[in-house]
Amino acid sequence: MTGNSGPVYLIAGASSGIGAAVAARAAEAGARVAVCGRRREALAKVADGCGGTAHVADVTVRADVENLVAAVVAEYGRLDGVVANAGIMRPGGVLDLSDEDWDATLRTNLTSVFLLARAAVPELARSRGAFVTVGSIAGLRAPSGMAAYAASKAGAAMLTASIATEFGPLGVRANTVCPGWTRTEMADQEMREFGEPLGLGVDEAYEAVTALVPQRRPALAEEIADAVLWLLGPRSSYVNGSTLTVDGGTTMIDPGAVPFDFALRPRENQD
């Protein structure tokens, strides 16, 4: 797939991390790539690196999303795949979250998926294309102190399954990838916030949060990108409405069996 013959992929939330890795991997495979984000300079760097086009847009705003999809189709003449990867994480439990944090999380992590799908599905139906949502294993399990994030990711996975059911007859496939801990700019910041009070550097913090992961490490963004590209491409042609975990086996752990292998105790700085 080279020149003007490769599929056209629109990747939202591509300024860094998983989105940027998807853009790079897609370009390597011969796809024509349009990347979207809100950070102009970072986005331009990603676009330059993959030979794609950059579109500064806020995917939580309907007009921005509609203009974005129209611009990509006008430029390339078609749209074969969409990756809904925009996301934020505002920590806090149900009693701790502010209304603003709740609204911002749901708007970015869930409403953006709805807006992208509504604008892009007619084009994907024409190309018999694919829609991939980047979720999280936090949407499959119930982590403490992450109520808005978990709820938004769970909702995004179900919305994606609904897209698969509704538009499968038109040739559109829709699936969700749920990563575990992945080394990205956002996760690095979380590791700093987690590790500094405990005297841990970023690498040590990653070691701590992946201590129970069977592979004993976080994912690389490229490893998540490879799963996304598989779901976008023809080799997953009968995969629709699925949730693919890419978590090193994290969600397979039985919490009740953990004490047989590990000595567990509460952290000293916890109430």
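Position 1 is the first residue of the sequence; numbering continues from there. We use all heavy atoms of the structure for the numbers below, so side chains are in, but hydrogens, waters and symmetry mates are not. Because the structure is a prediction, the values reported are computed rather than measured.
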Checklist entry - Is it true that Trp102 and Met89 fall in one hydrophobic cluster, defined by side-chain heavy atoms closer than 4.5 Å? => result no

Checklist outcome for this item: So CG of Leu159 and CG of Leu110: to nearest 0.5 Å the spacing works out to 6.0 Å

Checklist entry - Looking only at heavy atoms, what is the nearest atom pair of Pro143 and Ala138, with distance? => result CD-O, 3.7 Å

Checklist entry - Trp230 versus Arg235: any side-chain heavy-atom pair under 4.5 Å? => result yes

Next on the checklist: Check this for me: Asp254, atom CG, are more than 12 non-hydrogen atoms of other residues, nucleotides or ligands nearer than 6.0 Å?
Outcome noted: yes

Next on the checklist: Would you compute the distance between atom SG of Cys50 and atom NZ of Lys45 and round it to the nearest 0.5 angstrom?
Outcome noted: 13.0 Å

Item to check | Joint cluster assignment, Val134 & Val82, ILVMFWY side-chain distance < 4.5 Å | outcome: no

Item to check | Heavy-atom side-chain contact between Val65 and Val61 under 4.5 Å | outcome: no

Item to check | Results of side chain to side chain donor-acceptor pair (under 3.5 Å) for Asn240 - residues two or more places apart only | outcome: none

Item to check | Hydrophobic cluster identity match, Leu198 and Val202, side-chain contacts under 4.5 Å | outcome: yes

Item to check | Exam field: side chain Arg78 to backbone Pro7, donor-acceptor pair closer than 3.5 Å | outcome: no

Next on the checklist: Please determine whether the number of non-hydrogen atoms from other residues, nucleotides or ligands lying under 6.0 Å from atom CZ of Arg217 exceeds 12.
Outcome noted: yes

Next on the checklist: Can you give me the closest heavy-atom contact between Ala47 and Val35, atom names plus distance?
Outcome noted: CB-CG2, 3.9 Å

Checklist entry - Stepwise, does the side chain to side chain donor-acceptor pair (under 3.5 Å) test hold for Thr251 with Asp247? => result CA-CA 7 Å; Thr251 51; Asp247 66 353; 2.8 Å; yes

Checklist entry - Does the side chain of Thr105 reach to within under 4.5 Å of the side chain of Ile88, using non-hydrogen atoms? => result yes

Checklist outcome for this item: With Ser152 as partner, the option from Thr108, Asn109, Thr111 fulfilling side-chain hydrogen bond (donor to acceptor under 3.5 Å, both in side chains) is Asn109

Checklist entry - Taking atom CG of Leu106 and atom OG of Ser112, what is their separation to the nearest 0.5 Å? => result 10.5 Å

Checklist entry - Yes or no on side-chain contact (heavy atoms from CB on, under 4.5 Å) for Val83 and Leu10, after CA distance, side-chain angles and deciding distance? => result CA-CA 6 Å; Val83 180; Leu10 168 59; over 6 Å; no

Checklist outcome for this item: What one should report as the nearest heavy-atom pair of Val33 and Ala27 is CG2-N, 4.0 Å

Checklist entry - Nearest 0.5 Å, what's the CG-CZ distance between Asp103 and Arg90? => result 10.0 Å

Item to check | Hydrophobic cluster identity match, Tyr9 and Leu116, side-chain contacts under 4.5 Å | outcome: no

Checklist entry - Can you tell if the side chain of Ile18 reaches within under 4.5 Å of the side chain of Thr182, non-hydrogen atoms only? => result yes

Checklist entry - Which residue pairs pass the side chain to side chain donor-acceptor pair (under 3.5 Å) test with at least one member in residues 113-135, sequence neighbours excluded? => result Glu123-Arg126, Thr133-Thr160

Next on the checklist: So which atom in Ser16 and which in Arg39 form the shortest heavy-atom distance, rounded to 0.1 Å?
Outcome noted: OG-NH2, 3.0 Å

Checklist entry - Mind checking whether Cys36 and Ile11 have side chains closer than 4.5 Å, heavy atoms only? => result no

Checklist entry - Is there a donor-acceptor contact under 3.5 Å from the side chain of Ser15 to the main chain of Gly13? => result no

Item to check | Main-chain N/O of Met186 paired with Gln189 side-chain donor or acceptor, under 3.5 Å | outcome: no

Checklist entry - Got a salt bridge between Asp203 and Arg183, using NZ or NE/NH1/NH2 to carboxylate O under 4.0 Å? => result yes

Next on the checklist: If we ignore hydrogens and angles and just use 3.5 Å, is the side chain of Lys153 paired with the main-chain N or O of Leu140 as donor and acceptor?
Outcome noted: no

Checklist entry - Has the side chain of Tyr149 got a donor or acceptor atom that lies under 3.5 Å from a matching backbone atom of Gly87? => result no

Checklist entry - Do the non-hydrogen side-chain atoms of Tyr76 and Thr53 ever get within less than 4.5 Å of each other? => result yes

Checklist entry - Val121 and Val132: same hydrophobic cluster, using ILVMFWY side-chain contacts below 4.5 Å? => result no

Checklist entry - Is a donor on one side and an acceptor on the other found under 3.5 Å between the side chain of Arg107 and the backbone of Thr60? => result no

Item to check | Neighbour count above 12 (heavy atom, 6.0 Å) for Phe260 CZ | outcome: no

Checklist entry - Are the side chain of Ser236 and the backbone N or O of Gly233 linked by a donor-acceptor pair below 3.5 Å? => result yes

Checklist outcome for this item: Heavy-atom nearest pair, Val72 first then Val8, reads CG1-CG1, 4.0 Å

Next on the checklist: So, taking the atom named CZ in Arg216 and the one named OG1 in Thr210, what distance separates them when rounded to the nearest 0.5 Å?
Outcome noted: 8.5 Å

Checklist entry - So how far is it from Met158 CE to Thr243 OG1, rounded to the nearest 0.5 Å? => result 8.0 Å

Checklist entry - Could Arg62 and Glu66 be called an ion pair, given the rule that one side-chain N must be under 4.0 Å from one carboxylate O? => result yes

Item to check | Step-by-step side-chain contact (heavy atoms from CB on, under 4.5 Å) determination, Glu190 to Trp181 | outcome: CA-CA 10 Å; Glu190 292 180 69; Trp181 281 113; 3.6 Å; yes

Item to check | Full working for side-chain contact (heavy atoms from CB on, under 4.5 Å) between Phe131 and Leu232 | outcome: CA-CA 7 Å; Phe131 189 98; Leu232 285 174; over 6 Å; no

Next on the checklist: Whether the side chain of Asp101 engages the backbone of Leu97 through a donor-acceptor N/O pair (distance < 3.5 Å, no angle test) should be reported.
Outcome noted: no

Item to check | Shortest non-hydrogen contact from Leu43 toward Ala14 | outcome: CD1-C, 4.1 Å

Item to check | Verdict with reasoning, Leu231 to Val177, per side-chain contact (heavy atoms from CB on, under 4.5 Å) | outcome: CA-CA 9 Å; Leu231 288 172; Val177 171; 3.4 Å; yes

Item to check | Under 3.5 Å: donor-acceptor pair, side chain of Asp80, backbone of Ala130 | outcome: no

